[in-house]
Amino acid sequence: MRARGGKDLYRQAAEVLASRRNAVALTGAGISVESGIPAFRGSQGMWERFDPAEYATIGAFLENPAKVWEMLSEMLDLLVRASPNPAHRGLAEMERMGILRSVITQNVDGLHQSAGSRKVIEYHGNPLELVCIHCWKRYPSLEKIGERIPPRCACGKILKPDIVFFGEPIPWIAQEDSETEARECSVLLVVGTSAQVMPASGIPRIAKEHGAFIIEINPEETSLTEKITDIHLQGRASLAMERLMETLRNGAA
Ligand code: APR
């Protein structure tokens, strides 16, 4: 049952977080929009410019790595210059307050770690490492930036960023850890995800089935909002998180 109106929703959300604690956050591209990194879907999204069938599947990468690397270099360039916004910082503070136990992120931008979050599960990998598609040797991305596209391993084969393309499995440790977090948390804070991509989109349902209270922060309604979400804080991540943190600091905690 979704809370609507009545007692201030931020106060209700803060009270649930402060009393239950043991919260986990699931984040998506929307949390980093205000750090200058576009989301994937929607009118300003990456997939408006780059067809995911041509740029985001492992098949497309293997078929034409140079083409996919053009998009990846643009993305890496944006990521290395981005800094965390108040939403990332709010989650890090919530962890320090002993309310949040972990962040599961679909993002590959590293901004939760930059903001100070300590337990971060990177569900879709991390592009700061490149891995050879042939011999699996790994390299720090920074070592290869500026080299020819596509970057190559010492063995001569193509390097792929260590992120999950469509058609690739989720790193099993990330999947296992996320499912454990979803089963064991008392509150799930879902921030800035359209929840359209499996298996990450299944995490809120696992949490709900195991008794978690679901708080969603998103300017839009998603497939979760009507069915799973208990409180929808409708707004941009940075403003919503600032208001939630202020309420938590001012007493609900
Ligand atoms: N604050 C909070 N949420 C926002 C903001 C904002 N400022 N701006 C946009 N959003 C919301 C949108 O309303 C949308 O629901 O963020 C969500 C972004 O959705 P997607 O672009 O689908 O991103 P995400 O859910 O992370 O995508 C999942 O899809 O293509 C793959 O691998 C990619 O990890 C990604 C996965």
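Both ligands and their constituent atoms are indexed starting at 1 by order of listing. Note that the coordinates shown come from a computational prediction; the quantities given were computed from them, not determined experimentally.
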So which heavy atom in the protein is nearest [atom], and how far is it from that ligand atom?
atom	result
atom 34 (O) of ligand 1	His124 ND1, 2.9 Å
atom 18 (C) of ligand 1	Gly192 O, 3.8 Å
atom 8 (N) of ligand 1	Val33 CG2, 3.8 Å
atom 9 (C) of ligand 1	Gly30 CA, 4.1 Å
atom 25 (O) of ligand 1	Thr193 OG1, 2.6 Å
atom 1 (N) of ligand 1	Ala237 N, 2.8 Å

Only residue of His88, Glu34, Arg89 satisfying side-chain hydrogen bond (donor to acceptor under 3.5 Å, both in side chains) with Ser238 is Glu34

Quick one: does any side-chain atom of [X] pair with a main-chain N or O of [Y] as donor and acceptor, under 3.5 Å?
X	Y	value
Thr222	Leu224	yes
Thr57	Phe166	no
Trp69	Arg148	no
Gln106	Thr27	yes
Asp230	Ile214	yes
Arg20	Ser186	yes
His232	Asn218	yes
Asn107	Ala29	yes

Quick one: does [X] get within less than 4.0 Å of ligand 1, heavy atoms only?
X	value
Ile31	no
Pro219	yes
Trp47	yes

Among Gln44, Gln196, Glu216, Glu34, whose heavy atom sits nearest atom 7 (N) of ligand 1?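 Result: the heavy atom closest to atom 7 (N) of ligand 1 is in Glu34.
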
Please compare Gln234, Arg41, Gln106 and report which has the shortest non-hydrogen distance to atom 29 (O) of ligand 1.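 Looking at heavy atoms only, Arg41 sits closest to atom 29 (O) of ligand 1.
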
Element-labelled atoms of ligand 1 that are located less than 4.0 Å from some non-hydrogen atom of [X]:
X	value
Phe40	21 (O), 23 (O), 30 (O), 33 (C), 35 (C)
Gly28	26 (O)
Ala29	23 (O), 24 (P), 26 (O)
Asn218	11 (C), 12 (C), 13 (O), 14 (C), 15 (O)
Glu220	13 (O)

For ligand 1, does Arg236 get within less than 4.0 Å through its side chain, its backbone, both, or neither, judged by non-hydrogen atoms?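 Both of them.
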
If you measure from each non-hydrogen atom of Val197 to ligand 1, which part falls under 4.0 Å: side chain, backbone, both or neither? side chain

Report the relative orientation of the aromatic rings in Tyr55 and Phe50; use parallel for angles under 30°, tilted for 30 to 60°, perpendicular for over 60°. perpendicular

Is there a side-chain contact between Glu122 and Asp162 (heavy atoms, below 4.5 Å)?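 No, every pair of side-chain atoms sits at 4.5 Å or beyond.
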
